[in-house]
Amino acid sequence: MDTSQEIYKLRETIRQIVRNLGMMEKSEVSCCGTTLSQCHIIVEIGRAKEISLIDLSEKIGLDKSTMSRNIDILVNQGVVKRDLHPEDRRYVTITLTQKGEEIFSKIEESMGLFYKNIYEAIPQEKRYQVLESLELLLFALKNNRCC
């Protein structure tokens, strides 16, 4: 296989992975009553326990105003709460409410099971190779932004 065919195969494989994961995530997220972006926000807050709006924006890759709108929606739904720092009122920290913790747990549990099943479907002798290849792919993606 020549290089152009390999590049095409890489592109098509990634496209199909993204499509399959996107379809799965949409069906999983809809049961929690959130959008895909809100799902990612809930997971990041849940894992951090407490995070600033700025750090959350950077972690997810959304601009501050888009992140703020999503946080407003989640606050209104009772999923997250926003607190001003006692010494610097410009610094906002975000945490999950009890309802948010329940949604986070449900997402983590269902995703954990989903990825466990995927992992176990990979032949045992190839698992390390797959994980290593995915890490290399992620590194390459982070260092080569499109458009």
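Everything numeric here is computed off the predicted structure, so don't read it as measured data.
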> Which heavy atom of Leu96 sits nearest a heavy atom of Ile42, and at what distance?
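That would be CD1-O, 4.0 Å.
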> Looking only at non-hydrogen atoms, find the nearest pair between Arg127 and Ile122 and report the distance.
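Scanning both residues completely, I find the closest heavy atoms to be NE-O, 3.1 Å.
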> Quick one: pull up CZ in Arg19 and CZ in Arg15 and give me the separation to the nearest 0.5 Å.
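The CZ atom of Arg15 is 4.5 Å from CZ of Arg19, to the nearest 0.5 Å.
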> Rounded at 0.5 Å granularity, tell me how far CD1 in Ile51 sits from CD1 in Ile94.
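Spacing of CD1 (Ile51) from CD1 (Ile94) equals 7.5 Å.
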> Is any side-chain heavy atom of Val80 closer than 4.5 Å to a side-chain heavy atom of Ile71?
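Yes, their side chains come closer than 4.5 Å.
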> Between Lys116 and Glu120, does any NZ, NE, NH1 or NH2 come within less than 4.0 Å of an OD or OE carboxylate oxygen?
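Counted as a salt bridge, because a side-chain N and a carboxylate O are separated by less than 4.0 Å.
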> State yes or no: do Val18 and Leu138 share one hydrophobic cluster built from I, L, V, M, F, W and Y residues joined by side-chain heavy-atom distances below 4.5 Å, directly or via other members?
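Cluster IDs for Val18 and Leu138 differ.
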> Shared ILVMFWY cluster between Ile107 and Tyr115, side chains joined below 4.5 angstrom?
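Yes.
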> May I ask you to test the Ile45-Leu56 pair for a side-chain heavy-atom distance under 4.5 Å?
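A side-chain contact under 4.5 Å exists here.
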> My understanding is that only residues two or more places apart in sequence, or in another chain, count here; which of them pass salt bridge (Lys or Arg N to Asp or Glu O under 4.0 Å) with Arg47?
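Checked Arg47 against salt bridge (Lys or Arg N to Asp or Glu O under 4.0 Å); matches are Glu108.
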> For the atom pair OG1 (Thr13) and CG (Leu137), what is the distance rounded to the nearest 0.5 Å?
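These two atoms lie 10.0 Å from each other.
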> Heavy atoms, side chains only, cut-off 4.5 Å: are Leu53 and Met67 in contact?
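Touching, per the 4.5 Å side-chain cut-off.
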> Quick one: pull up CG in Leu74 and OG in Ser37 and give me the separation to the nearest 0.5 Å.
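OG of Ser37 is found 10.0 Å from CG of Leu74.
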> Does Leu131 reach the side chain of Tyr119, with side-chain heavy atoms less than 4.5 Å apart?
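A side-chain contact exists here, since the closest heavy-atom pair is under 4.5 Å.
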> Tell me whether Ile103 shares a hydrophobic cluster with Ile73, the cluster being built from Ile, Leu, Val, Met, Phe, Trp, Tyr side chains joined at under 4.5 Å.
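No; Ile73 is not reachable from Ile103 via cluster members.
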> When rounded to the nearest 0.5 angstrom, what is the spacing between OG in Ser57 and CD1 in Ile41?
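Here the rounded value is 8.0 Å.
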> Hydrophobic cluster membership, with links at side-chain heavy-atom distances under 4.5 Å among I/L/V/M/F/W/Y: are Ile7 and Leu141 in one?
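Different clusters.
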> With a 4.5 Å cut-off on side-chain heavy atoms, are Tyr8 and Glu12 touching?
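Sidechains of Tyr8 and Glu12: in contact.
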> When you group the ILVMFWY residues by side-chain heavy-atom contacts below 4.5 Å and let the links chain together, are Ile54 and Leu62 in the same group?
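No.
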> Taking atom CD of Gln124 as the centre, does the number of heavy atoms from other residues, nucleotides or ligands within less than 6.0 Å exceed 12?
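Open.
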> For residues Tyr91 and Ser52, report the shortest heavy-atom separation together with the two atoms involved.
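Where Tyr91 meets Ser52 most closely, the heavy atoms are OH-CB, 3.4 Å.
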> Could you measure the distance from the OG1 atom of Thr97 to the NZ atom of Lys81? Nearest 0.5 Å is fine.
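The distance works out to 9.0 Å.
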> Taking the side chain as C-beta and beyond, is there a heavy-atom pair between Arg82 and Asp72 under 4.5 Å?
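Yes, at least one pair of side-chain atoms sits under 4.5 Å.
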